[in-house]
Amino acid sequence: MILLSGFEPFGGEETNPSWLAVQRLAGERVAPRGVGGDPREEVVAVRLPCTFAGAWAELARAIEEHRPRAVVAVGLAAGTTHVRLERVAVNVVDARIPDNDGAAPVDVPVVPGGPAAYFSGLPLKSTLAALREDELPAVVSNTAGTYVCNATFYALMDHVARHEPHLVAGFVHVPRATSEPGEGMSLDQIVGALRTVAAAALVDGPEPALSGGTEA
Ligand code: PCA
């Protein structure tokens, strides 16, 4: 089983493509990418509240209930046109807008006393290669922001580090779903990209030395 999470709408948006896409994948059986296709893993989808208090609690509950082999948490990054494979979760919350509870903490840790950051446990470079092969726009991102997505990502990786070191887990941001050419990705493309991310997450192999970096 592979657990995918998406978020409810926030910040005045009417929908959140992270949940719309993840919901479309629920119940599918995803084959590991390029290794003979077995064993397939069923996708379970969970919708998270966009709140600092509730998002990780809900994801933790779903992990406990389903005992997945891999977890890919997904959120919306409204200003991007690519799928962003998040490399790092930082131990700070600095909210620019209130969450859906009205909370807007500034400069507080996600986990008091926790390390400054965690790296994603997803195979980012083989995922990037797979997305390029599928002609889907994707980048490796070195910041997931300082809002609810980063906090959820950090709490997820902290859980993995402390309690479930064999659980493959990480975070992916998706753009707004749009039908305007050149402005982002269609919902179908986002669904396809998340299917590719899930399929790549199921493969435990060496990572290609593929640059995903940037200068400052
Ligand atoms: N995106 C926000 C929170 C929920 C979502 O989908 C973020 O990037 O923090």
Side-chain angles (χ1 to χ4, degrees), residues 3-26 43-63 71-111 114 116-120 122 124 137-159 169-178 183-187 189-191 193-195 197-198:
L3 181 64
L4 302 191
S5 67
F7 279 97
E8 68 183 6
F10 69 102
E13 305 263 344
E14 271 173 22
T15 58
N16 190 323
S18 67
W19 172 243
L20 297 180
V22 162
Q23 190 182 28
R24 289 243 309 251
L25 290 166
V43 175
V44 170
V46 58
R47 184 181 194 254
L48 305 182
C50 186
T51 65
F52 290 103
W56 165 242
E58 182 61 18
L59 185 55
R61 190 204 54 70
I63 292 171
V71 179
V72 181
V74 185
L76 164 67
T80 187
T81 54
H82 288 57
V83 167
R84 294 161 60 109
L85 307 173
E86 299 298 347
R87 192 187 323 240
V88 57
V90 295
N91 193 13
V92 68
V93 175
D94 188 354
R96 190 178 57 79
I97 55 170
D99 72 7
N100 287 356
D101 277 343
V106 168
D107 295 352
V108 297
V110 180
V111 175
Y118 287 109
F119 285 124
S120 175
L122 297 176
L124 298 184
V139 292
V140 171
S141 157
N142 294 298
T143 173
T146 54
Y147 192 50
V148 176
C149 287
N150 172 71
T152 306
F153 181 21
Y154 185 93
L156 171 62
M157 299 321 299
D158 188 65
H159 168 83
F171 198 97
V172 173
H173 267 116
V174 296
R176 276 205 182 95
T178 170
E183 280 197 6
M185 294 169 70
S186 68
L187 186 60
Q189 278 185 308
I190 295 172
V191 171
L194 294 179
R195 186 183 290 117
V197 170

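Nothing here was measured: the structure is a model prediction, and the numbers come from that model. Whatever order the structure lists them in is the order used to number ligands and atoms, beginning at 1.
Between Pro109 and Tyr154 there is no side-chain heavy-atom pair separated by less than 4.5 Å. With contacts defined as side-chain heavy-atom distances shorter than 4.5 Å, the pair His173/Cys149 qualifies. The closest side-chain heavy-atom distance from Leu4 to Val197 is not below 4.5 Å.
Between the side chain of Thr80 and the backbone N or O of His82, at least one donor-acceptor pair lies under 3.5 Å. The backbone N or O of Val90 lies less than 3.5 Å from a partner atom in the side chain of Asn150, making a donor-acceptor pair.
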Distance-only donor-acceptor pairs under 3.5 Å for side chains of residues 96-104, two or more places apart:
from   : atom 1 : to     : atom 2 : distance (Å)
Asp99  : OD1    : Asp101 : N      : 2.8
Asp99  : OD1    : Gly102 : N      : 3.0
Asp99  : OD1    : Ala103 : N      : 2.8
Asp99  : OD2    : Phe52  : N      : 2.8
Asn100 : ND2    : Glu8   : OE2    : 2.8
Asn100 : ND2    : Pro9   : O      : 2.8

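Protein residues having a heavy atom under 4.0 Å from any atom of ligand 1 are Phe7, Phe10, Asn16, Cys50, Gly75, Leu76, Tyr147, Val148, Cys149, His173, listed by chain and number.
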